[in-house]
Amino acid sequence: MSAVAIDILFDEKTIAARIDALAQDVIRLLGREPVLVCVLTGSFVFAADLLRALHRAGASPLMGFIGLSSYGAATHSSGQVKLTLDLLMEVSGRDVLLVDDIFETGRTLHHARELLLARGARDVRLCVLLDKKGKRTSALKPDLAGFECPDRFVVGYGLDLDGQYRALPFVGALRD
Ligand code: 5GP
Ligand code: MG
């Protein structure tokens, strides 16, 4: 693998502090027994940290997983959202918090939200680590967001480029 320069945007400590604050916001929004649905794959690190921050804040969260993909091996969205892994959790009648890594155009979360509502979820709220505000194409907005993200391709903290960089403890942008 050739060396790629990565600019750190959000370091480990900054992310941890922000997630503790987000956990309080989740509790305000959904109460002390929130039902989280983690949108795989990129958000698994964020969702795991948010889950434990919720526990520290006195909540008893549930978590399910759904696999959605819009990028494939590219650094720009294909525009098509593919269901890669179905949710096993029953969401009928529940208030659900979709947890994703990035809100970019909003297509992925729009798709996920419609799917959960079609399965009878009472309400579906959106929580993302990063909000690329400049790229929104849908009227949908995240209810909760960790950080505003510049319009650059980012990796680390679960986010990948063709499978690489997920293990980095920070969020960084590829230098072009
Ligand atoms: P949207 O459907 O909102 O346009 O795109 C959101 C999805 O695209 C995210 O869940 C994420 O998987 C992927 N994505 C968007 N921007 C980036 C980025 O900068 N880096 C990585 N690794 N994935 C991204
Ligand atoms: Mg994603």
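Atoms within each ligand, like the ligands themselves, are counted from 1 in listed order.
- Taking every heavy atom of both residues into account, L50 and C127 meet most closely at CD2-SG, 4.2 Å.
- Residue T105 has at least one heavy-atom neighbour below 4.0 Å for each of these atoms of ligand 1: 1 (P), 2 (O), 3 (O), 4 (O).
- Considering backbone and side-chain N/O of V154, one or more are found under 3.5 Å from N/O of ligand 1.
- At distances below 3.5 Å, at least one donor-acceptor pair connects side-chain atoms of T137 with backbone N or O atoms of T105.
- Near T108, meaning under 4.0 Å from one of its heavy atoms, ligand 1 places the atoms 1 (P), 2 (O), 5 (O), 6 (C), 7 (C).
- Judged purely by atom type and a 3.5 angstrom limit, S43 uses its side chain to pair as donor or acceptor with the backbone of V99.
- Without hydrogens or angle criteria, D143 side chain to L126 main chain gives a donor-acceptor distance under 3.5 Å.
- Where the criterion is an N or O separation shorter than 3.5 Å, residue side chain and backbone included, V155 fails it with respect to ligand 1.
- The distance from ligand 1 to the heavy atoms of L159 drops below 4.0 Å at these ligand atoms: 21 (C), 22 (N), 23 (N).
- Using 4.0 Å as the threshold, H110 has no heavy atom nearer than that to any atom of ligand 1.
- Using modelled atom types, one side-chain atom of R113 and one backbone atom of V124 make a donor-acceptor pair closer than 3.5 Å.
- Within the structure, the closest approach of R152 to ligand 1 falls below 4.0 Å when heavy atoms are considered.
- Within the 4.0 Å heavy-atom shell around ligand 1 one does not find G42.
- Interface atoms of ligand 1 facing G106, defined by a heavy-atom separation under 4.0 Å, are 1 (P), 3 (O), 4 (O).
- Residue K132 has at least one heavy-atom neighbour below 4.0 Å for each of these atoms of ligand 1: 16 (N), 17 (C), 18 (C), 19 (O).
- The side chain of D100, and not its backbone, has at least one atom closer than 4.0 Å to an atom of ligand 1 (non-hydrogen atoms only; side chain from C-beta on).
- Using bins of under 30°, 30° to 60° and over 60° for the plane-to-plane angle, the ring pair F10/F147 lands in the parallel bin.
- Remark: L115 engages I66, L83, R119 in a side-chain contact (heavy atoms from CB on, under 4.5 Å) (not counting sequence neighbours).
- Using 4.0 Å as the threshold, D160 has a heavy atom nearer than that to some atom of ligand 1.
- Between the OG1 atom in T14 and the CZ atom in R18 there is a gap of 11.5 Å [rounded to 0.5 Å].
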